[in-house]
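Single-structure report; data block below.
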Amino acid sequence: MGFNFSYPSIIFSYLLIFSSSPSLFSYATDTLTPDQSISGEQTLKSAGDIFELGFFSPGNSKYRYVGIWYQSVSPRSVVWVGNREAPLKNSSGNFTIGSDGNLLVLDGGGSIIWSSNSSAASNNSTAQLLDSGNLVLQLGHGTVLWESFNHPTDTFLPGMKLSLDTKTGERQIFTSWKSPDDPSAGNYSLSLDPLGSAQVFMWEGTVPRWRSGQWNGQVFTGTTMRFLYIYGFKFVNDLNQGIMYFTFTQFNSSLLRFVLQWDGVENSTILVGETQEWETVWAEPTNECEIYGKCGIYGVCNNGDTPICSCLKGFEPRSSEEWSKGNWSGGCVRRTLLDCQLNRSGDGFFRVAGVKVPDRSQWASTVLTEAACEAACLNNCSCKAYSFVSGIGCMIWAHDLIDIYQYPEGDNDLYVKLPGSELGTDSKRWKIIVTVSTLGGFFLITCIFLGWKYNKRIKDWLKMGRKKHDLLHNMLSKREARPDFSGPSEYGEEVQEGKGAELPLHTFECISIATDNFSESNKLGEGGFGHVYKGMLPGGQEIAVKRLSRSSGQGLEEFKNEVILIAKLQHRNLVRLLGYCIQGEEKILIYEYMPNGSLDAFLFRPVKQALLDWITRFKIIEGIARGLLYLHRDSRLRIVHRDLKASNILLDEDMNPKISDFGMARIFGGDQNQANTNRVVGTLGYMSPEYAMEGLFSVKSDVYSFGILVLEIVTGRRNNSFHHTENSQNIVGYAWQLWNEDKAVELIDPSIRSSCSIRQVIRCIHIGLLCVQDRANDRPDIPTIILMMASQAITLPMPKQPTYTFEGSPHESDSMANKYESFSTSDVTITMLHGR
Ligand SMILES: *[C@@H]1O[C@H](CO)[C@@H](O)[C@H](O)[C@H]1NC(C)=O
Ligand SMILES: *[C@@H]1O[C@H](CO)[C@@H](O)[C@H](O)[C@H]1NC(C)=O
Ligand SMILES: *[C@@H]1O[C@H](CO)[C@@H](O)[C@H](O)[C@H]1NC(C)=O
Ligand SMILES: *[C@@H]1O[C@H](CO)[C@@H](O)[C@H](O)[C@H]1NC(C)=O
Ligand SMILES: *[C@@H]1O[C@H](CO)[C@@H](O)[C@H](O)[C@H]1NC(C)=O
Ligand SMILES: *[C@@H]1O[C@H](CO)[C@@H](O)[C@H](O)[C@H]1NC(C)=O
Ligand SMILES: *[C@@H]1O[C@H](CO)[C@@H](O)[C@H](O)[C@H]1NC(C)=O
Ligand SMILES: *[C@@H]1O[C@H](CO)[C@@H](O)[C@H](O)[C@H]1NC(C)=O
Ligand SMILES: *[C@@H]1O[C@H](CO)[C@@H](O)[C@H](O)[C@H]1NC(C)=O
Ligand SMILES: *[C@@H]1O[C@H](CO)[C@@H](O)[C@H](O)[C@H]1NC(C)=O
Ligand SMILES: *[C@@H]1O[C@H](CO)[C@@H](O)[C@H](O)[C@H]1NC(C)=O
């Protein structure tokens, strides 16, 4: 605390107030000295007039408490209470510094009812109320004796620490009020996990009521909190000091707080400038499933289900009688022993998708890949489940699994160990699916055959079917929920990512005819993976045919499997894969045809550019983000695109964007783990630094490419078209420079400048700059980006200066430049072995 105490000036203002104006209740100061006291309506005010300290009576209470509240917010929002257990019964009483240097609350008779109890206090201390809301008791020379931030009540403010001393087990504990009228300690408290995991726990008495889930470096994995990135949350584990803590910082001056309410809800609110009202940004627990261990051990809670609790596959209720009564506390038990418990092999894993993973995990810090994590769990009979979580790594469970919550925003998958016999029981269902899809396939072939004859009628029929499908699809994507593969869905089996719909395999002849023998005139373009042709199927359906030029490095069977998997990824912002063809060396993918071609053909051509007004461009940005959200989070494959760029965004007849070429890395046998692979697939200028230089890719490398795209869409210029401007090399450097000089408006494509909402465009540029930050961890994730675009109320953090530019300064990427020399500026997709 670099507080400069200036004694004479305070004395002076003190004298001034009391000599000139007895009606003035507040000290015009933030500091209390030993010879001063506060009583009645007098208050201290922090230097920036943000917080105020004084006596108050909460709600309907007549009692008086010393507290700190926001000075200009009404109704009064109290963030700290001193004498919460010992109120003044009437209006007489003082807040002062005692002769031992401690802060005291004295009642009307002068006896001490509350003390800051600092043993180190001296007779020479002063108290200062800071703009952070912290009341600090310190010696003249700045030594802090006591501070209210270390003795919190129910409010977590920016700069406070939620800490745990790992040596002594001492925790910083927040405690709820008893009721809105009574600030004395209520039933609920909040602290870090005393077992030392990076989780926040809420307790009801001594029983856990809620937990946040493990911190993954960016967010708490078990919450629906998507704004954390904006909060600037930070977790520090200081091994030397034996202390770990969470803290958060405040961006700009927006007032933000977390309150552990008297009713046991942790509520985060932000003060919205215009209305001066608190707006809830996040609150938990607000539904039953968020209550710790609602369904007991081995139970899964899902609000979309009735009843909300179910046992994990392979488990059954401990007491089916209690369970049917809705008493889930007994949890579930294993139906069959694990094979390893019987000294034989055969155990496998069952995936529970999109969950808050259970409590009491162990971290296998030396296990670096998902495959190794699975093996580690399989090879140890006491391991009951594992999960490989990005930002954390390999988590394994040796304890009974408790507090599994399946929810739409759930980001992580849990793999539960089951004996082979339990895993096999699905075969009946599979048989049915296979039968149905075989029949479906047969039906389709018949239809196509008939199509030769009844061309027109079939066309209409197909159209109708398509419409119905799209409708369902829109419903699904509107719901924004991840389809749950472990249970029945309200939309039926066949729309679950196209499950059941067999992907047609076409003959080479058929494709050859459809594309007029791959004629030059039918050629739509060429991508990194081969030429693309326009074609027309016998039924009249227009298609885009991608003739893969490279060998896939995979066997035919694997190729086929991957293609079928990719075809199941269906979303209105993804180009749909309709079929494929394998013949000898020929591998062909058949996509739906997009009449308007690719985004780059519009964006970077002066003639067409003007057709894209700002509203359309914004819609395109949003659509791309939604497509990515599906790839990253909602699809069951969790695809990292790795080659997102303007030429890979296609436009349908209504100018809706559709992402193409996703899943190529899979088809070409790439490793989908967020790990270092020896293959770099991407396009210069769109590749994030960590991907281009180290081959590391993750959802955050797609975010980087997305950022470049956003900047291109706003400027209407290709990322590499900036070479010849004097001092900046690429779009990132150029955008940053103008942004920094407060001239971001100049970035906007002149053809939309007059007709767009400047505020919205600037916000998009801001988001774009956040996406292209050097460090992957600094970049927001796609859900956050979508929120940032949707709500203007959210204050965006300041982007950090991007120092990485591909062509960049010589010292920066010398080795890179050499490595990729031959590709330097062209917009080609490169795939190359990475020399390491
Ligand atoms: C306030 O209460 C105290 C005891 O708590 C009592 O001594 C005092 O006289 C009361 N003062 C008034 C003004 O009622
Ligand atoms: C409380 O403060 C008031 C005004 O400063 C003073 O008159 C009174 O004596 C003080 N009471 C105690 C108990 O210190
Ligand atoms: C201060 O210490 C006294 C005596 O040890 C204790 O009764 C009181 O509760 C303490 N007050 C606070 C605020 O901790
Ligand atoms: C403050 O305490 C010091 C030693 O603890 C003592 O020497 C001094 O006289 C005290 N001053 C007052 C004003 O009480
Ligand atoms: C009390 O504080 C003043 C400065 O505020 C300092 O000069 C003085 O030495 C301090 N006295 C003691 C006993 O700490
Ligand atoms: C706190 O616990 C007590 C005793 O269990 C109960 O009577 C009271 O209703 C609880 N208060 C709240 C706010 O839940
Ligand atoms: C804070 O917000 C104000 C108004 O909203 C803005 O003028 C200022 O630039 C912002 N400062 C920072 C650091 O974001
Ligand atoms: C959170 O706090 C705000 C403002 O105090 C309030 O309006 C809102 O209802 C609270 N949310 C919950 C879930 O309690
Ligand atoms: C719920 O079931 C458990 C045993 O599974 C039992 O101990 C408990 O008493 C039951 N609670 C209620 C409210 O019936
Ligand atoms: C499994 O093998 C261990 C030692 O090899 C033995 O102690 C144990 O009894 C065996 N368990 C069963 C169920 O056969
Ligand atoms: C199996 O896992 C448990 C719990 O993590 C651990 O204590 C034990 O040492 C492991 N056993 C082996 C053989 O690795």
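Whatever order the structure lists ligands and atoms in, that order sets their numbers, starting from 1.
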Note the single closest protein heavy atom to [atom], along with its residue, its atom name and the distance in Å.
atom	answer
atom 9 (O) of ligand 6	N187 ND2, 4.7 Å
atom 5 (O) of ligand 9	G330 CA, 3.6 Å
atom 13 (C) of ligand 6	W262 O, 3.7 Å
atom 4 (C) of ligand 9	E322 CG, 4.5 Å
atom 10 (C) of ligand 11	N380 ND2, 2.4 Å
atom 2 (O) of ligand 9	N327 ND2, 2.3 Å

Around atom CG of L195, are there more than 12 heavy atoms from other residues, nucleotides or ligands closer than 6.0 Å? yes
Mark up the atoms of ligand 11 that fall under 4.0 Å of a heavy atom belonging to A398, in ascending order.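 So the answer, numbered in order with elements, is 4 (C).
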Atoms of ligand 11 close to S382 [distance to a heavy atom under 4.0 angstrom, numbered from 1]: 1 (C), 2 (O), 3 (C)
Is it the case that K356 places NZ or CZ above or below the six-membered ring of Y405, under 6.0 angstrom from the centre and within 45 degrees of the axis?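 Checked: cation-pi criterion not met.
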W114 ring centre to R84 NZ or CZ under 6.0 Å, with the angle to the axis within 45°? no
Should the SG-SG distance of C373 and C394 be recorded as below 2.5 Å?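 Their SG atoms fall under 2.5 Å; a disulfide, then.
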For the residue pair F258 and F156, categorise the inter-ring angle as parallel (less than 30°), tilted (30 to 60°) or perpendicular (more than 60°). tilted
Please name the residue in the list F235, W210, F233, W282 that meets the ring-ring contact (aromatic ring centres under 6.0 Å, His included) test with F220. F233
Looking at side-chain heavy atoms only, is the closest gap between V81 and V66 below 4.5 Å? no
Does ligand 9 have an atom under 4.0 Å from some heavy atom of S319? no
Distance check, rounded to the nearest 0.5 Å: R171 atom CZ versus L162 atom CG? 10.0 Å
Counting only heavy atoms on the protein side, is anything nearer than 4.0 Å to atom 7 (O) of ligand 9? no
Quick check on contacts: which atoms of ligand 6 are under 4.0 angstrom from a heavy atom of Y188? 14 (O)
Atom indices of ligand 9 within 4.0 angstrom of S329 heavy atoms, with elements: 1 (C), 2 (O), 3 (C)
